[in-house]
Every structure is written in structure tokens, then in C-alpha cells.
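Convention: sequence-line order gives letters A, B, ...; per-chain numbering from 1. Just so you know, these numbers use all the heavy atoms, side chains as well, and skip hydrogens, waters and symmetry mates.
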Amino acid sequence: MELRLDQIVARFGGEIVGAGDTVVSHVATLESAGTGDLAFLANPKYRHQLQTTRAAAVIMAGPAVDGLTAAILTPQPYLYYARVAQLINPPPRAEPGIHPSAVVEGDVAATASIGPNVWVGEGSRIGERVVLGANCSIAADVEIGSDSRLAANVAVYSGSRIGARCLLHSGAVIGTDGFGFAREAEGAWVKIPQIGRVLIGDDVEIGAGTTIDRGALGDTVIADGVKLDNQIQVGHNVRIGAHTAMAGCVGIAGSAVIGQRCTVGGGAVILGHLHLADDVNVSAGTLVAKSIPNAGTYSGAVPFLEHGGWLKNFSRLRHLDAMADKIRALEQRLAALEKKK
Amino acid sequence: MELRLDQIVARFGGEIVGAGDTVVSHVATLESAGTGDLAFLANPKYRHQLQTTRAAAVIMAGPAVDGLTAAILTPQPYLYYARVAQLINPPPRAEPGIHPSAVVEGDVAATASIGPNVWVGEGSRIGERVVLGANCSIAADVEIGSDSRLAANVAVYSGSRIGARCLLHSGAVIGTDGFGFAREAEGAWVKIPQIGRVLIGDDVEIGAGTTIDRGALGDTVIADGVKLDNQIQVGHNVRIGAHTAMAGCVGIAGSAVIGQRCTVGGGAVILGHLHLADDVNVSAGTLVAKSIPNAGTYSGAVPFLEHGGWLKNFSRLRHLDAMADKIRALEQRLAALEKKK
Amino acid sequence: MELRLDQIVARFGGEIVGAGDTVVSHVATLESAGTGDLAFLANPKYRHQLQTTRAAAVIMAGPAVDGLTAAILTPQPYLYYARVAQLINPPPRAEPGIHPSAVVEGDVAATASIGPNVWVGEGSRIGERVVLGANCSIAADVEIGSDSRLAANVAVYSGSRIGARCLLHSGAVIGTDGFGFAREAEGAWVKIPQIGRVLIGDDVEIGAGTTIDRGALGDTVIADGVKLDNQIQVGHNVRIGAHTAMAGCVGIAGSAVIGQRCTVGGGAVILGHLHLADDVNVSAGTLVAKSIPNAGTYSGAVPFLEHGGWLKNFSRLRHLDAMADKIRALEQRLAALEKKK
């Protein structure tokens, strides 16, 4: 796709520096850009690359520098870049229709594209322009809203609801049983049937290998605009507020309620039955063991050390309480000495 | 399914308060229950909801309160609820037979249900009433015991044994190669063939995306009644004792031996070649780096803080040893001063 | 397969003690070995088992002990064992050809084996003797080099390159979108199209459920001989150097660059945009939050304690800074006292 800068600015706003009829056909980094590429400067630490880039034009916030062929000035260059990149790189077109190898027992819109060896169970409704990749398994009574796309090998359990314009990646599992058991006196576990559903809003992205449990009673709810990276585990009856984003490998235990516009860093763990307010940011590797009632950034990861230093320092963690006691005793003895003077 | 309270009590015991011919057809929480719903009170903090619930009857331990329509009294209401909920919500019936799109090279019981696009390899034996969901891949020489159910998109490697009444969720992988390599002088890795098996007992539940490695030599063994949540990794030659339960995202390195009736919290990591006694409880987020010879609860997660407080406090971790040295020096200097008096 | 010790030594070197025509047909541990088994002694702590093993022969480094039937002496017994075990246990033969249930739109070598219900998209090239297990989904424009094997239920996104002699386990996902979004003022996320690729070298092993994101711009690169265990997450534009090995459940955020011959322990997390030098070893459970410019071993996991001890000690972590302040105050007061003398 070829676009002129003036066409881009007509669509997304911003100010052109240089020739408005400059044509771009790809997006690229400042460093790798070549002829016909549109690059962007979002992080000031790459500003020096403006001097050497071969980009046809650069999206940037600040004043353009000498030597640049052309630029689009905008206060939010990364967001602007995202919009142009989407325009230049639309998702691949999928042919409407049902592949002959697919097994379809539910209702599929005529404009949807159902890939090889897909299964769609009885009572399921697959919306307009939905794409189901190869080997997806969609159980009974599932609804998938228009323009949503499932990559290959996604599994959706019965009763799940997926909104419009969602993107689910390979290996994602939606609607699996929550982990609920009652214990017998001798230690054996009796399964609590998991009879709730998973409700996913619009514009949600769910990463590869991410698993979302259905509710035990009641539903697990993922609100509009939520973005979940790969290998995230969402327990039963969790509720995640709109536009919250989580990086890879996060684990969320059952019945946690997470606010809107939160961010959760990679590998963080959120325990069950907690509430996180809106606009909470949890740093990578943090274990959240109690509710967070106020917006803000919260951290709990420990520093790493060269192995010898780690051995010396971290073994002290087992004796922190004794250290505190020693300090208190020193304070008392010192106070006694000082008094005698 | 409609049940009268006296039918339930005839089956599971307990004492009826109110009308024994009260009919219930669903289970629900106290808060969400409506007409015809059977609720339960297991956690005393919800006791106040007894005043306002619209449940037709409540399973509970204590004395019934005024205003409740009916109740079943039992010392273990959650366990009792689990049994009633199972009775009211049996797993979905699957039609016996092999879907025409399935590729079956092994032996399948006539009462088993083999879903769309399933593969069952040569020499495998699928037991009575087993359900294999769509797109499951069962390699050669696998045995699956009667009444076990595999959700869609499960992969089982050759030689694995799965007992009776097991439940495996989507994306689970059983019998993959363990991570075993010898290292050449220049750093390259030479694979150790992984020729053991995975042996899974009866009544085991395995969560979505959970992976269980086959033994290197000898077998990986999951005993009867073990419950594994989603995205757990079990290394080669691990042995997990009966009725042990693990929450999501736990990692267990090779050759760890874990006792019976243990519980492991979400995101915990158990290193290789360790032994955990029976009845050990590991808290969420704990890294178990040495064996635990005695029953009890063990923890190792760190608290989180507002980010500024975290920066100030956690950077001290690199200097704990120096802090301990300073305390010791203070003690010596103070003792010297005290002596002089 | 039956082999004589002299045949083995002719192939791999080493010195025979005892009868060179001793025949072995399986590998086993010293403890479990029976007639016809070849065992190995790599870890000195098992040396006492030499007295009781029933192995036909033992691969070992040290001097052979009395009572052993036969031995092969080599300075690196584990590496030697790996080579013999590979010889005795070659990967299972797969019949060349395309299963009639597979849907193949790309080019497949005549010697390749394409399993049941596999999809191979347009423009993909599957090399000589490649094995694709059941229900694999290979999107468009993928290249897979000769002798690589994909277990069942692997998903490969369009444009990915996989080298020769690789082994990918079930549930692995190659080439999924990286986690890249720009944020609007009100908190909504705008997707950055992920248009790079995943490039995987030769002799790479990728574990079950491991997910590797494609580059945002530019590529994600896994070099020759890398070994990744199960449930590892590799973010977009990560580069992993040759012969680096990572244990299960590791998470690597976007644009991290990891050197050659590194090892990363289970459950470790490496944050984005960091550089790790060659020959860095990261211990299990460590969060790497800054670059590591020098080879060596680095650790950051915390010890665990019996729960009561943990409560007492770890709550002090929130007050480490205050403890340091108290120590400083004590030092000053004590110095003042000492001066007065």
C-alpha cells in the first residue's frame, strides 16, 4: 500500500514538514528504514538516529532536524505511528466460507471464514467476518462477535461469549473449569462443578497459551479493550476492568477483581478474592497478596546479585527479625549508658 | 433436574429444617439465589446474607435462622454442597461413537465418544465411556481408563497411561520429552533420549495448558486423586503423591518427589531432586530450594510496597550482610564501653 | 538394537574394561539396570551403586571397581551416555507421505511425513524428512528445514523460519503477535501491527506450551543449538545466542538480547531491552531487572521458611530502610559516647 504524507495527515491530523507528496509504503525503525519507509521517533534516546536514517519521512513530536527529507509532527508520535501502521498493515484477508474439512454444527455467518479442521459445536453463533484458524475447537453454545479473529488451535468451551473485534492467539483456552474442590476428611478432593461462563467484551486481545477459567457460579468477566499477553492464567470469577493490560506469564487467582486501566508486569501473581482499584500499576514479578484500594504503582520484586553476594546477603533474610531485636537491644543499652552520664 | 430436600438427605445425610418436600433445581450463592435455588453457607462472613437470600433452601452447619424457608444442616456444608452440585450438574452427555472426521488407528471402546478431527494412534486403548474432545491427538500405545474425559485440543505422547475418571483440560500436554542434555566442551548440548513414560492414576484432574514430561529413564508418576490447575509444568521423573493439589502456574523441576495430600500455591517453584513430605503446604509464590522433611506450611514470598517505599527498602537487600556486620561491631563497641564503667 | 561394547568404543572412543563382546540393548540407571542394560555413573554420589548394580556394563570416568562385569572408561561419562542412548533410541520412524485428512496448500518434500488433520498453508515449504504431528497448523509462507520434527498440536504463524534438525513439542506456538500497543489519552490501547518474523536456527529444541512472539519491526531470533524447556515465553524482537539453554516457565520480555551458552533456571524472568553477556548463568526464580555485562552466575531468589518464621522475618522487609537508619543513628550516638571518654 502506497500513501502520501498529505493523505495520512488528512486522516490522522498532524503537521507536515517537507514535501506533502512524499510517498511511503512501509513502516520501519529509524535504524532499519530504507527508501519509501516511514519511521518514527517516540523515545528521545534515539534522537541521534535522525541524523543518519534513510527514512522517507519520520513521525515525531519535536522540531524536525536538518537533513530529514520529511516529517509529520504530532504530540503523540507512537500513537500516531500505531494508527498509520494499522492502515498500512491490515490483518490478512481471509476468504469467506467454511473449509470442507471443518465440522460445523452451529450457525456461521456467510461472511465468516472457517479454517481447515475446525469444529464449531451445536448452538454456537459465529458472527460476520469472524475468522477461525485451523484446528480451532469451538464447543456448543458459544457466541463470537463480528470481526473477531481466532488464530489456529484455540479452544473455547461451551457457553463462552466473545465480543466483537477480539483477537485470540494460538493455544489460548477460554472457559476451562475453575479450580474448585471441597476436601474430604481423609484428604480426597470432591469437584465443585464449574457452571458459570466466560464473558469477554469487545476489542479484547488474548495471547498465546493464555487460559481463562469459567465461573464456578456466576461468570468470569473480561471487559472491553482488555489486552492480555501470552501464558496468562485467569482464575474463575475474576473480573478485569476495561482497558487493563497485562504482560506475559501473569497469574490471577479466583475471584480477584481488577479495576480499569490497570497494568500488570510480566510474571506478577495476584492472589484470590482481592480488589485492585482503577489505574493500579503492578511491577513485573510482584506478588500481590492484599487488596490495593488506591491508584498508583506497586512493586515487590527483589534485586539479583552475583551469586556469592546473593549467598551472603539473602541468607540474612531468615534472620531479619533477630537483627531488629538486636538493634532494639542496642538502643536500650545505649540509652542506659547515655543516662548515666 | 428437580430434587426434593428429603431425596437429597436420603442420599447424602444431614438434617432437614423446614419442609422436606421443598423442590430445588439449581445451586447458587446466597446472594444470587432465586426461586428454586439451593444455596450454601460455608464461610461465616457471609452469614448475614441468610437474612436476605431468596434461596429455596440453604446448606449450612450452624443453627438455621428465622426467615429461612428451609435448610439442610450438616457439619461440612461446602463438601455437602459439592456433592449436591455434582448430582444436579452432571458432566454433559457425549454421544458414543467415533466422529467420521476422526482418524482412529487404535482400539476404542464402543461406549467411548471420539470427537471431530481427533487422532488416536496405533496400539492405543481408549476405555469405556471415555470422551475425547475435538482435535485431541493421542499418539501410539496410550491407555486411557474408563470414564476419563479429555477436553478439546489435548495432546498425549506415546506410551502414556491415564487412569479412570480423569479430566484433562484443553491445551494439556502429557508425555513430552523431559529437558535432559549433556554438554560438550564447547558448550553445545547433546540430547538425552527421554524414554520413560507418564503414569497418571485414577480421579486426576489436569488443567488447561499444563505440561507433564515423560521420564528420562523410569517414569513420571501422578498418583490417584491429584488435582493440577492450569499452566503447571511437571518435569521428568517427578512423583506426586495421592490427593496432592496444586494451583495455577506452579513449576516442578525434574525428579522432585512430592508427598501425599500436599497443597502448592499459585506460581510456586519446586526445584529438582527435592523431597517434600506428606501434608506439606507451600504458599503461593514460594521457591522451594531444599527438601521439606516435615509436614507444615512453608512460605517465601516477599511483600509488595508502593513503588517509592519498595525502592528505598528493597535496595537494602543488597547490603543485608553489611548491616549484620555493623550490628556486630556496635555490639562489641558498646560492650567495651559498658565494661569500662 | 543390540550393540557390543567394542562396537560402541569403535564409534565413540573410550577404554573397555572387561569383555569387549559384552552385548547391551538398553540404557538404564545403575539402580534399575538389569541383564543386557548399559548403565552410567556421572554423579559420584551414586558410586556405591556400582557394588550392587546388575548392569551388563557401566560407562564411567574413574577406575572400574571389582565385581563390575564390564565398563567403558571415558572422561565424560554423561556425554558419552547421551551419545550411546541416542544410538540405541533413535526417534520413532515416521512413514513418509501426507495423511489423507491433512490439508496441504504449500510444498512438502516427498520424504516428509504429514500427520492426520494437519494444515500447511500456501507458500510454505516443508523440508526433507520433516515430521509434522497430528493437528499441527502451519500457516502461510513458513519454512521448516530438513529433519525437523513437530509433535502434535503445534501452531506456527505465517512467515516463520525453522531450521534443520529442530524439535518442537506439543502446544508450542511460534510467531504469535508481540505485545505492542500505544495508549490513547483516555487509556484505550491501539495495536501496533506486529510485522516481523521468528527466525529459528538449526538444532533448536522448543518445549511444550512455549510461545515465541514474532518481531514488531525486525525479527525475533533464536540461534543454533538453543534449548528451551516447556512453558517459556519469548517476547518480540528477543535474540537468544547459540547454545543457550533455559529451564521451564522462564519469561523473557521484548527486545532482550541474551548471549551464547547462557543458562537460565526455571521460573526466572528477564525484563525487556536488557543485554546478557555470553556465558551468563541465571539461577531459578531470579528476576533480571538490569543488564548483565559479564559472564558469571547471578541469583535473586529468596529463601523460604516455616510459615511462622516467614511472617516474623519477611514483614521486616517493609522496614529495612528504617533499620538502616537506626543503625546509622546508633553508630553516631556511640561515637559521641566514645569520644567523651
Do B/V269 and B/V250 come close enough that some side-chain heavy atom pair is under 4.5 Å? no
Heavy-atom pairs under 4.5 Å with chain C, option from B/L305, B/I327, B/T286 with the top count: B/L305
Side chain, backbone, both or neither: which part of C/Q260 has a non-hydrogen atom closer than 4.5 Å to chain B? neither
For chain B, which candidate among C/G207, C/A28, C/G171 shows the most heavy-atom pairs at distances under 4.5 Å? C/A28
Of the listed C/D279, C/L334, C/D224, C/T244, the one with the largest count of heavy-atom pairs under 4.5 Å with chain B is C/L334
Is the shortest heavy-atom distance from the side chain of C/L320 to the side chain of B/L320 under 4.5 Å? yes
Could you walk me through whether B/V104 and B/W119 pass side-chain contact (heavy atoms from CB on, under 4.5 Å), step by step? CA-CA 6 Å; B/V104 173; B/W119 171 57; over 6 Å; no
Checking C/A324 against chain B: side chain, backbone, both or neither under 4.5 Å from a heavy atom? both
Side-chain heavy-atom pair B/I126, B/V120 within 4.5 angstrom cut-off: yes
When you compare the side chain of C/L167 with that of C/I206, does any pair of heavy atoms fall below 4.5 Å? no
Pair count under 4.5 Å, heavy atoms only, with chain B: among C/G225, C/A322, C/A208, highest is C/A208
Does either side chain, that of C/H307 or that of B/S299, offer a donor lying less than 3.5 Å from an acceptor on the other one? yes
Check each atom of B/S283 against the heavy atoms of chain C and say whether the ones under 4.5 Å are side chain, backbone, both or neither. side chain
In terms of heavy-atom pairs under 4.5 Å, which option from B/T211, B/N294, B/V282, B/V288 contacts chain C the most? B/T211
Is it the side chain or the backbone of C/T29 that comes within 4.5 Å of chain B heavy atoms, both, or neither? both
At a 4.5 Å cut-off on heavy atoms, which part of B/V302 comes close to chain C: side chain, backbone, both, or neither? both
Should B/V173 and B/I212 count as side-chain neighbours, where that means a heavy-atom distance under 4.5 Å? no
So what's closer than 4.5 Å to chain C heavy atoms on B/T210: side chain, backbone, both or neither? backbone
Checking heavy atoms, do the side chain of B/A253, its backbone, both or neither come under 4.5 Å from chain C? neither
When B/S291 is tested against each of B/L274, B/L276, B/I270, B/V257 for side chain to side chain contact (heavy atoms under 4.5 Å, CB included), which residue passes? B/L274
Looking just at side-chain N and O atoms, do C/N230 and B/D213 make a donor-acceptor pair shorter than 3.5 Å? yes
Non-hydrogen atoms of chain B under 4.5 Å away: do they reach the side chain of C/Q231, the backbone, both or neither? side chain
Pick whichever of B/A172, B/G187, B/A301 has the most heavy-atom pairs under 4.5 Å with chain C. B/A301
Mind listing the closest non-hydrogen atom pair of B/S124 and B/A139 along with its distance? OG-O, 2.6 Å
Could you name the residues of residues 310-318 of chain C that have a heavy atom within less than 4.5 Å of a heavy atom in chain B? C/W310, C/F314, C/L317, C/R318
Quick one: does C/H169's side chain get under 4.5 Å of C/E205's, heavy atoms only? yes
Among C/H26, C/M246, C/Q76, C/M323, who wins on heavy-atom pairs under 4.5 Å with chain B? C/M246
Side chain proximity check, B/I240 to B/I252, heavy atoms < 4.5 angstrom: yes
Measuring centre to centre across the rings, with the benzene-like ring taken for any Trp, is C/F40 within less than 6.0 Å of C/Y78? yes
Contact residues of residues 174-184 of chain B (partner chain C; heavy-atom separation under 4.5 angstrom): B/T176, B/D177, B/F179, B/F181, B/A182, B/R183, B/E184
B/C136 versus chain C, the contacting section by heavy-atom distance below 4.5 Å: backbone
Would you mind reporting whether B/L330 and C/E331 have side-chain heavy atoms less than 4.5 Å apart? yes
Let's test your reading of the structure: which of C/A85, C/A152, C/C249 forms the most heavy-atom pairs below 4.5 Å with chain B? C/A85
I would like to know whether B/L337 and C/L337 meet side-chain contact (heavy atoms from CB on, under 4.5 Å); could you show each step before the answer? CA-CA 8 Å; B/L337 270 189; C/L337 271 189; 3.8 Å; yes
Would you please test C/R165 and C/D147 for salt bridge (Lys or Arg N to Asp or Glu O under 4.0 Å) and show each step? CA-CA 5 Å; C/R165 296 175 305 279; C/D147 298 296; 5.6 Å; no
Here the gap from B/R214 atom CZ to B/S160 atom OG, rounded to the nearest 0.5 Å, amounts to 6.0 Å
Quick one: what part of B/V118 sits under 4.5 Å from any heavy atom of chain C, side chain, backbone, both or neither? backbone
Please flag which part of C/A335 lies under 4.5 Å from any non-hydrogen atom of chain B: side chain, backbone, both or neither. both
If we ignore angles and hydrogens, is there a donor and acceptor under 3.5 Å between the side chains of B/S137 and C/N153? yes
Option from B/R239, B/H236, B/R197 for which side-chain hydrogen bond (donor to acceptor under 3.5 Å, both in side chains) with B/D219 holds: B/R197
All heavy atoms of C/S148 vs all of C/C166, minimum pair found to be OG-N, 2.8 Å
Go through the atoms of C/V27 and report whether side chain, backbone, both or neither lie under 4.5 Å from a heavy atom of chain B. both
Exercise: do C/N281 and C/T263 side chains pair donor with acceptor under 3.5 Å: yes
Okay, B/L271 and chain C: the region with an atom under 4.5 Å from a heavy atom over there is side chain
What part of C/Y81 gets within 4.5 angstrom of chain B, counting heavy atoms only: side chain, backbone, both, or neither? side chain
Could you look at B/I195 and say if it's the side chain, the backbone, both or neither that has a heavy atom under 4.5 Å from chain C? side chain
Starting at SG of C/C262, measure out to OH of C/Y298 and round the result to the nearest 0.5 Å. 10.0 Å
Toward chain B, the part of C/N89 with a non-hydrogen atom under 4.5 Å: both
Under a 4.5 Å heavy-atom cut-off, does chain C meet the side chain of B/T297, its backbone, both or neither? both
Which one of C/N117, C/L228, C/V226, C/I88 has the most heavy-atom pairs closer than 4.5 Å to chain B? C/N117
